[in-house]
Amino acid sequence: QVQLVESGGGLVQAGDSLKLSCAASGRTFSNYAMGWFRQAPGKEREFVAVISGSGLTTSYADSVKGRFTISRDNAKNTVYLQMNSLKPEDTAVYYCAQKSGRTTYAGRFEYWGQGTQVTVSS
């Protein structure tokens, strides 16, 4: 079955950088778009970024555009989220997810990781 395991979360100060990783297993990684979501305490889970199976197409939430970068290494079955210029409002549990197809615009996110905590202090 598909497994997604996030890592790289932690406690940082505002303005710092952090890079999250998500290792996938269970099916051919490059066939599926991957995304990052986050959920802050008391709030609904929100979309952060998505990348196509080939890695050529990406899309971001307006709140992170210009600060976060999603990338993938299909040889390592891993997707990354580079987070720069972090703000306290970026504090959340970050989840990676795998789509049902390879494009960013079609299909649904059908598999989810367990999440990794990111805390940004002011």
Side-chain angles (χ1 to χ4, degrees):
Q1 72 277 20
V2 173
Q3 286 193 317
L4 304 175
V5 180
E6 302 98 334
S7 61
L11 172 63
V12 297
Q13 293 188 329
D16 285 352
S17 297
L18 205 58
K19 187 172 185 177
L20 305 182
S21 300
C22 172
S25 62
R27 57 185 185 179
T28 305
F29 184 66
S30 59
N31 286 348
Y32 302 96
M34 298 292 297
W36 287 96
F37 289 76
R38 67 186 181 185
Q39 186 167 20
K43 296 187 176 182
E44 293 188 353
R45 185 168 57 192
E46 64 173 358
F47 166 78
V48 174
V50 63
I51 187 167
S52 63
S54 65
L56 296 179
T57 305
T58 59
S59 181
Y60 297 90
D62 287 343
S63 58
V64 306
K65 203 171 293 183
R67 299 188 299 123
F68 290 11
T69 302
I70 188 171
S71 62
R72 65 191 295 157
D73 185 338
N74 286 344
K76 295 183 178 180
N77 290 353
T78 302
V79 62
Y80 305 97
L81 186 68
Q82 176 67 49
M83 306 184 292
N84 298 331
S85 302
L86 282 162
K87 306 175 181 180
E89 51 264 43
D90 294 319
T91 294
V93 177
Y94 283 72
Y95 299 89
C96 74
Q98 189 173 74
K99 270 202 157 187
S100 55
R102 65 176 74 224
T103 65
T104 59
Y105 51 85
R108 62 182 179 88
F109 287 99
E110 55 183 1
Y111 293 102
W112 297 82
Q114 83 289 348
T116 186
Q117 176 71 47
V118 172
T119 303
V120 185
S121 63
S122 57

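Quick note: residue numbers are just sequence positions, from 1.
- By the side-chain contact (heavy atoms from CB on, under 4.5 Å) test, R72 pairs with F29, M34, I51, N74, V79, sequence neighbours left out.
- Put simply, the side chain of K99 never gets that close to the backbone of G35: no donor and acceptor are under 3.5 Å apart.
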Worksheet item: Under the side chain to side chain contact (heavy atoms under 4.5 Å, CB included) criterion, do M83 and L20 qualify, and how do the steps go?
Response: CA-CA 8 Å; M83 306 184 292; L20 305 182; 3.7 Å; yes
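- Pairs engaging residues 57-109 under the ring-ring contact (aromatic ring centres under 6.0 Å, His included) rule: F37-F109 [sequence neighbours left out].
- In this structure a side-chain-to-backbone donor-acceptor pair under 3.5 Å is present from S54 to L56.
- How far OG1 of T28 is from CZ of R102: 9.0 Å, rounded to the nearest 0.5 Å.
- The two atoms that bring L4 and A24 nearest to each other are CD2-CB, 3.5 Å, heavy atoms only.
- Between the side chains of T119 and Q117, at least one donor-acceptor pair of N or O atoms lies under 3.5 Å.
- To the nearest 0.5 Å, atoms OG1 (T69) and NZ (K19) are separated by 9.5 Å.
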Worksheet item: side chain to side chain contact (heavy atoms under 4.5 Å, CB included) between V50 and S59: does it pass, once the steps are laid out?
Response: CA-CA 5 Å; V50 63; S59 181; 3.7 Å; yes
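- Across T91 and V120, no two heavy atoms sit closer than the pair OG1-N, 2.9 Å.
- Going from atom CD of Q98 over to atom CG of N31 covers 9.0 Å, rounded to the nearest 0.5 Å.
- Interatomic distance, SG of C22 versus CG of N77, reported as 10.5 Å (0.5 Å rounding).
- Between S21 and T78, the closest heavy-atom pair is CB-CG2, 4.2 Å.
- Between D62 and K65 a salt bridge is recorded (basic side-chain N to carboxylate O distance below 4.0 Å).
- Heavy atoms of other residues, nucleotides or ligands lying less than 6.0 angstrom from NZ of K43 number 12 at most.
- With sequence neighbours excluded, the residues that form a side-chain hydrogen bond (donor to acceptor under 3.5 Å, both in side chains) with S17 are N84.
- In this structure, the salt bridge (charged side-chain N to carboxylate O under 4.0 Å, His left out) partners of E110, at least two apart in sequence or on a different chain, are R27, R108.
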Worksheet entry | side chain to side chain contact (heavy atoms under 4.5 Å, CB included) assessment of L86 paired with L18 | CA-CA 8 Å; L86 282 162; L18 205 58; 3.9 Å; yes
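- Grouping the Ile, Leu, Val, Met, Phe, Trp and Tyr side chains by contacts below 4.5 angstrom, directly or via other members, places W112 apart from Y32.
- Legend: salt bridge (charged side-chain N to carboxylate O under 4.0 Å, His left out) pairs involving residues 46-56, not counting sequence neighbours, sorted by first then second residue: R38-E46.
- Contact between V48 and V64 at its shortest, heavy atoms only, is O-CG2, 3.6 Å.
- Note on residues 6-15: pairs passing side chain to side chain donor-acceptor pair (under 3.5 Å), not counting sequence neighbours, are E6-Q114.
- Cluster annotation: I70 and Y111 are assigned to the same hydrophobic cluster (Ile/Leu/Val/Met/Phe/Trp/Tyr, side-chain heavy-atom contacts under 4.5 Å, transitive).
- The heavy-atom pair separating S122 from P88 by the smallest distance is CB-CG, 3.8 Å.
- A33 approaches T103 most closely through the heavy-atom pair CB-O, 3.4 Å.
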